[in-house]
Enquirer: 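Below you will find the structure I want to go over with you.
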There are 4 protein chains.
Amino acid sequence: MAATEEKRRQILDAAVRVFARTGYHDSRVGDIAKDAGVAYGLVYHYFESKDAVLEAVFREAWGRLLAAINEVERSQQPAPEQLRLVTKIVLRTWRDDPDLVRLLVREITRSPHLQREIDEIAEAFAALERIVAHGQREGTIRATLDARLAAWMLYGALEEILTGWVLGQLRDTPDDVAAAERAVAETLIAGFLS
Amino acid sequence: MAATEEKRRQILDAAVRVFARTGYHDSRVGDIAKDAGVAYGLVYHYFESKDAVLEAVFREAWGRLLAAINEVERSQQPAPEQLRLVTKIVLRTWRDDPDLVRLLVREITRSPHLQREIDEIAEAFAALERIVAHGQREGTIRATLDARLAAWMLYGALEEILTGWVLGQLRDTPDDVAAAERAVAETLIAGFLS
Amino acid sequence: MAATEEKRRQILDAAVRVFARTGYHDSRVGDIAKDAGVAYGLVYHYFESKDAVLEAVFREAWGRLLAAINEVERSQQPAPEQLRLVTKIVLRTWRDDPDLVRLLVREITRSPHLQREIDEIAEAFAALERIVAHGQREGTIRATLDARLAAWMLYGALEEILTGWVLGQLRDTPDDVAAAERAVAETLIAGFLS
Amino acid sequence: MAATEEKRRQILDAAVRVFARTGYHDSRVGDIAKDAGVAYGLVYHYFESKDAVLEAVFREAWGRLLAAINEVERSQQPAPEQLRLVTKIVLRTWRDDPDLVRLLVREITRSPHLQREIDEIAEAFAALERIVAHGQREGTIRATLDARLAAWMLYGALEEILTGWVLGQLRDTPDDVAAAERAVAETLIAGFLS
DNA sequence: GATGAATGAGATTTCATTCAT
DNA sequence: AATGAATGAAATCTCATTCAT
């Protein structure tokens, strides 16, 4: 069973690399198998379909993000600080797992059935929204702001920064990353404040 | 000649509808031809490939957006006001041409060769950046802000709002659209101010 | 009408060049039109189909060869000398019209309906056979030889030499050409003698 | 593994039949698959492309011919006798594998990249040439003859006889075949002698 | 669990031919 | 006669999925 899980893991990790490199549609199932060092058919032993592989990758990635956001949410800090922490978490993903970011940035809006329907994605957005709403109740965030809209704008800004890094259009040295975190905090999040 | 251009137009318009409905990859060239009311082969008379059709659509759409942004840029207003106008232009596209927005939102980062490489897209981003930089020179925008980063954040927020509308996750009545414009102005753009 | 025939000529000449360069199947009708400097549709004004163009080229080429052979046949010389003259005529085509030879060598046995069914081709072979038979009657050629077989062997040897030149596998300076003529005369034709 | 090679064999054999019947260009890959009794895609499992199938057929056929010629070459007989044996081998192919001959005769000069570039073909011609050269050294063949030219003439004559049989223009009863062998020996090869 | 040969539907693209002007 | 846009059938090739071992 441990061995079993290991193969599944290998396939999943390979999928991230392959999808990141070639894009979902231009990646063949065989590429994933080869990159994972397993037999062609084994992919179908662990996953229903190629699509299911992508979904599993997404689910896992967003699951981790969701867990991190949830932890932030449970912390006793004021909402603006929580948003800064989320910003940091999201942006640091680029350093921690660039292939995953490449994949998310490229395929997030694709694949009809995946479209944000994955529970984990919806949950993450909901969590962001709750943090904003909580800030409004505690008086740190402007009450007139539409919490959901704020959550989406924040996420959009973050994703676009990641996109800039993926495309090589924005600089991404550690200093640049830190600067980006500050920029989000000092402009967007600052704009939320009451 | 007029007739010639007319067919090309029909194909391009049909492509927007079809791609918006089914997504680029799941659309067949035959669908475009049928929707345009022309023969299969005519698509290939006017375009090199299916990909070239998508690129032509993009180029045209971003060309229009770029023209609008350029006009705003040439206006004699202060930078923050210009950014508000751009916001308005981008967000109003949803009402004016929802299929086009659906297409842009879904396929924009896809298609390896299209990726931001299209001159028009790069130009639009550059124009946004210039407006921010100009605001810094005229003293209306915080000098410490990274102009490029600001441009990307702004665009990211706008695109994410459009995405929310496309996915039916954000409300989009005229009032909601106006509220979104205000929200961007009062939070993100306000955060740029000095 | 002169102008008319001129266009037909242009198309036919262009066809030889294009077919020689690209081969029949890989040549497009548009290529011929462009090379001839006429409009696409005009090809179909003068010829029933792409295939008919090839047939016309063949018919003309073999018609010329046939005329030359017939002239040789009518000359009052002994059969072996006549065969030597035919050899000379066939092999000199390479210098005179290399594109035509390229085309003949590449496409002669292909194209199902053309297969030696063209009267001119059959006629040329028949003329060769008659020369051999005549030689047998006049006593210059071995009576035990199968005249038809001899005609085919001779033509085969000639075509293969042309093929060697087309493929660049046999040398083709004027001296080489003369040597080839001699070789055919001194081996094959000499082998026919009684 | 045996089963694997079996399918490949089936496809190759079917290809010979189908190409012989319809000609390369008018044969569809599906026809080959159907004739071989395998699924469409399997052809592409074993071969890169339709062209690669043809090349494999050629390579194999010429490989066999080459092996036979090489064996003749290694025999200790005088060159003229060796040439007679080669003649016999080539002409007997018509009886042994008429489909293969049909294919070779029709498509040999086709396909730009195949043109005599296939090593096996070049090798076969080279072997013929070596036999002639060897005959010149041993004094059985005229020293003034161009060995390469002689090899090409011989092969041309043989191929044309095969062509005559394929096209039904030359008679091909066993007696006719034997007569053809003799004709080649007594005219062409005899012409080589010193 | 693991393998990879086998399947076959489906999509893009080509291009000979037609036809309105 | 001349033009070239328009048509649409057909063919190659791809690749997700299945399945026998």
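Lettering of chains follows the sequences in order, A, B, ..., and the numbering in each one begins at 1.
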Enquirer: Give the rounded distance in Å between these two atoms: CG of B:D26 and P of E:dG10.
Expert: 13 Å
Enquirer: D:H25 has an atom NE2; how far is it from atom P of E:dC15, in whole Å?
Expert: 10 Å
Enquirer: Which of these nucleotides, F:dG4, E:dA6, E:dT3, is closest to any side-chain atom of A:V38?
Expert: E:dT3
Enquirer: Rounded off to whole Å, could you give me the CD1-to-P distance for the B:I11 and E:dT13 pair?
Expert: 14 Å
Enquirer: Is there a donor-acceptor pair closer than 3.5 Å between any side-chain N or O of B:K50 and the backbone N or O of B:Y24?
Expert: yes
Enquirer: Where the side chain of D:A39 is concerned, which of E:dT7, E:dG1, F:dA2 is the nearest nucleotide?
Expert: E:dT7
Enquirer: Let me know the distance between NZ of A:K50 and P of F:dT18, rounded to the nearest Å.
Expert: 15 Å
Enquirer: What nitrogen or oxygen pairs link the protein and nucleotides 19-21 of chain E at under 3.5 Å?
Expert:
none

Enquirer: Let me know the distance between CD1 of B:I32 and P of E:dT12, rounded to the nearest Å.
Expert: 8 Å
Enquirer: So if I take every side-chain heavy atom of D:L42 and compare against E:dA6, F:dA1, F:dT17, which nucleotide ends up nearest?
Expert: E:dA6
Enquirer: Among E:dT12, E:dA16, F:dT17, which nucleotide has an atom closest to any side-chain atom of C:V29?
Expert: E:dA16
Enquirer: Heavy atoms from C-beta onward define the side chain here; which of F:dA11, F:dA6, F:dC15 lies closest to that of A:R28?
Expert: F:dC15
Enquirer: Counting only side-chain heavy atoms from C-beta out, which of E:dA9, F:dA2, E:dT3 sits nearest to D:Y40?
Expert: E:dA9
